[in-house]
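Naming: A, B, ... by sequence-line order, numbering from 1 per chain.
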Amino acid sequence: MTTSASATSGVRVRFSPAPTGYLHVGSARSALFNWLYARHTGGTFIVRVEDTDTDRSRPELTEAIFDALRTLGLDWDETYHQSDRFDLYRTAADRFLDEGRAYRCDCTQDEVKARAEARGGTPGYDGHCRDRDVAPGEGVVVRFCTPDEGTTAWDDLIRDRVEFENTHLEDFVIVRSNGVPMFLLANAIDDIDMGITHVVRGEDLVNTTPKVLLLREALGDTEPPLYAHLPLIVNEQRKKLSKRRDDVNVADYLARGFLPEAMVNYLATLGWGAPDGVEIRPVAEIVEQFELSDIGKSPAMFDIKKLEHFNGEYVRALSVDEFTERATPFISGSDVPWPTESFDPARFAALAPVVQERVKTLDEVPLLVDWLFCADAPDDPDSWAKEMGKAHAVAVLDSAIAAVQVAGEWDADRVRAIVEGAAVDAGLVNAEGNPQLSKAQAPVRVATLGRSKGLPLFESLALLGRDETHRRLAAARARV
RNA sequence: GCCCCCAUCGUCCAGCGGCCUAGGACGCCUCCCUUUCAAGGAGGUAACACGGGUUCGAAUCCCGUUGGGGGUACCA
């Protein structure tokens with residue numbers, strides 16, 4: 001193994017969330033890739049909160065984003081809030097004004113739009129106020145003067161050369177009419193100020209890159225960072241994941257019982273693949289193998305099925321104790337299908353190993369053990385209809401009820417013997433005369449555990465107890 | 001409309017001019033194991049968008065077409 005660079009590698013990357021929503025799957029992936037690169041190179045991972053939109057930014061969302069990052073294990077080395085740095089941006093804007101690199105504009109958005117339409121459909125600002133020498137005042141913004149010719153380009157680490165003709169860049173706003181600086185300005189200044197060496201972010205931001213590059217140039221910068229624009233994460237319709245129509249909140253996935261480490265591992269496979277092809281692996285190995293140059297260019301679909309598979313692998317890899325600990329919030333909370341006081345950790349512990357093998361996400365746990373803590377067998381109409389309608393159901397139940405009633409010993413072997421006996425009594429024997437357990441266990445299972453599928457029957461009933469098993473069997477028999 | 005980007009199995013990733021009759025993973029299907037369901041094991045299904053070049057040779061390079069996506073705010 002090649003040792004990664006030391007902590008003095010000089011690589012400085014940042015994740016720049018806007019606190020206008022919770023941590024989004026796409027943002028999490030951006031954060032992850034930045035973090036991976038920083039850790040791989042021994043560089044510095046910075047979280048910079050881009051809260052220049054004072055109307056929409058909410059402090060509590062910043063905290064929620066931090067929490068999610070921490071839960072995912074994406075620790076960072078430095079924290080900044082752009083709202084603490086407005087003076088810096090304003091000073092730069094004033095200098096631009098003095099130098100003639102920017103100008104004030106009092107056009108309303110309607111005016112800009114109307115002129116664009118009159119011009120022939122091409123949206124964008126037309127430079128109307130460039131030479132009007134507008135005085136500061138109400139409704140006045142500051143616009144950056146973009147070149148009328150030439151091109152702005154960069155060699156993207158993922159996309160190779162990307163070029164924009166300056167003619168297509170409008171004179172964009174850098175300071176709002178309320179005096180608050182815009183993200184492009186803040187972004188350009190901060191990247192310089194914080195010594196950012198690599199900008200790793202979503203492809204949805206490519207078109208802002210030439211503007212930032214122009215701003216940096218005006219700021220006197222001669223050494224722009226290396227840009228790496230990540231392919232977007234899309235939904236099944238191949239559209240960018242959006243909070244309107246897709247499940248994108250990372251916290252929601254965690255609440256549904258996806259393990260943070262599984263989430264991180266899965267996210268790492270979106271747009272990136274390890275050189276050796278191994279997909280499921282410890283994050284430390286991903287850190288070791290991660291290279292920006294190995295990132296693909298095309299959009300990746302967020303495949304919940306594959307995420308579930310990853311999660312199942314991670315769940316099964318847990319020790320039973322860890323599994324129990326992680327599952328606890330899902331079985332001892334208040335929104336559980338049984339009276340909270342009837343939950344018994346000791347009885348759950350007896351089931352934990354077989355439950356662990358069967359769940360993909362932790363929120364599936366209650367459905368596998370509810371029969372143990374609920375007063376009656378859970379009612380599942382589909383299972384009932386499927387098994388209790390069969391010809392042998394009544395015979396099996398009658399036989400089982402009678403046998404359970406007189407059973408002395410009560411353990412899994414005893415239950416098995418009872419089910420075997422019921423099979424024979426119901427005529428469920430194969431050509432060799434052996435009892436057909438598959439068929440015989442079905443009605444017993446539905447009568448006691450409520451569903452046609454679930455945990456191993458014999459062990460489950462051993463735990464349920466003889467009397468309760470008998471009671472449920474009788475209740476089901478009466479209902480058939 | 002204009003600008004930018006993308007294009008290998010249904011999906012994710014590999015392939016970076018000959019090792020490709022295209023590989024791995026998820027999903028799906030079949031079989032095995034089996035008290036149900038999972039898990040596990042063994043198989044199987046399925047792709048280089050199209051058209052031109054370049055080259056002895058192209059999934060790999062170039063151009064075009066088509067398709068898809070992103071952007072086009074006093075959001076980031």
Side-chain angles (χ1 to χ4, degrees), chain A residues 16-21 27 50-53 55-57 105 108-109 112-113 120-125 139-143 156 159 162-165 167-170 172-178 180 182-184 186-187 201-210 229 231-232 234 236-240 266 269-280 294 296-310 312 316 354-360 368 383 387 412 415-416 419-420 423 435-442 444-446 449 451-459:
Chain A
S16 310
T20 53
S27 307
E50 306 219 322
D51 52 356
T52 52
D53 187 342
D55 291 339
R56 272 183 271 198
S57 295
C105 164
T108 64
Q109 291 175 70
V112 171
K113 201 175 163 187
T122 320
Y125 183 71
V140 173
V141 300
V142 178
R143 287 181 183 276
D156 198 278
R159 271 145 231 291
V162 182
E163 295 185 341
F164 282 82
E165 284 182 39
T167 359
H168 293 127
L169 270 24
E170 64 174 333
F172 53 93
V173 174
I174 55 175
V175 181
R176 298 174 171 83
S177 57
N178 64 3
V180 178
M182 295 276 293
F183 123 92
L184 288 166
N187 193 281
R201 28 123 80 148
E203 195 203 345
D204 50 341
L205 291 167
V206 261
N207 65 112
T208 69
T209 303
H229 286 97
L232 259 22
V234 299
E236 34 293 304
Q237 281 83 237
R238 301 248 114 213
K239 303 237 190 263
K240 180 172 79 159
Y266 176 67
T269 68
L270 259 27
W272 178 82
D276 63 11
V278 178
E279 294 188 311
I280 297 181
D294 288 335
K297 304 177 184 193
S298 33
M301 192 189 89
F302 189 77
D303 186 349
I304 189 76
K305 281 268 181 44
K306 192 158 182 177
L307 206 210
E308 284 172 347
H309 175 260
F310 272 47
R316 289 191 296 277
V354 289
V355 172
Q356 181 177 5
E357 284 183 342
R358 268 157 257 258
V359 296
K360 284 192 159 72
L368 282 174
S383 295
E387 300 301 342
V415 177
R416 182 189 187 104
V419 175
E420 282 174 348
Q436 294 178 298
L437 275 185
S438 299
K439 290 183 180 172
Q441 62 91 39
V444 175
R445 171 182 294 280
V446 174
L449 309 189
R451 299 183 192 84
S452 58
K453 42 173 115 165
L455 268 22
L457 181 67
F458 312 147
E459 293 75 5

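- Side-chain atoms of A:P123 lie closest to B:rG1 of the nucleotides B:rG1, B:rA76, B:rC12.
- In this model, the phosphate group of B:rG70 is not approached by any side-chain N or O of A:R238 to a distance below 4.0 Å at OP1 or OP2.
- For A:E203, counting side-chain heavy atoms from C-beta on, the closest listed nucleotide (B:rG71, B:rC5, B:rC13) is B:rC5.
- With B:rC75, B:rA76, B:rG24 as the candidates, the nucleotide lying closest to the side chain of A:R56 is B:rC75.
- Side-chain N/O atoms of A:K240 include none lying less than 4.0 angstrom from OP1 or OP2 on B:rG69.
- Contact annotation: side chain of A:E279 to base of B:rG24, donor-acceptor pair present below 3.5 Å.
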Where protein sits on nucleotides 28-51 of chain B, one letter per nucleotide: B base, S sugar-phosphate only, - none, heavy atoms under 4.0 Å: -------BBBBSS-----------
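- Nucleic acid contact class of A:L205 (heavy atoms, under 4.0 Å, all strands): base.
- Across the protein-nucleic acid pair, A:F310 atom CZ and B:rU11 atom C1' stand 12 Å apart, rounded to whole Å.
- No donor-acceptor contact under 3.5 Å links the side chain of A:K297 to the base of B:rA7.
- Proximity note for A:Q109 (side chain, C-beta onward) versus B:rC3, B:rG71, B:rC74: the nearest is B:rC74.
- One cannot find a donor-acceptor pair under 3.5 Å joining the base of B:rC12 and the side-chain atoms of A:T269.
- In this structure, A:G139 reaches the bases: a heavy-atom distance under 4.0 Å links it to at least one base atom across the strands shown.
- With RNA chain B read from its 5' end, the first of the two nearest nucleotides for A:P17 and A:V234 is the one closest to A:V234.
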From CA spacing to verdict: side-chain contact (heavy atoms from CB on, under 4.5 Å), A:V419, A:R416: CA-CA 5 Å; A:V419 175; A:R416 182 189 187 104; 5.9 Å; no
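- Closest contact between the side chain of A:D303 and the listed nucleotides B:rC75, B:rU11, B:rU8 involves B:rU11.
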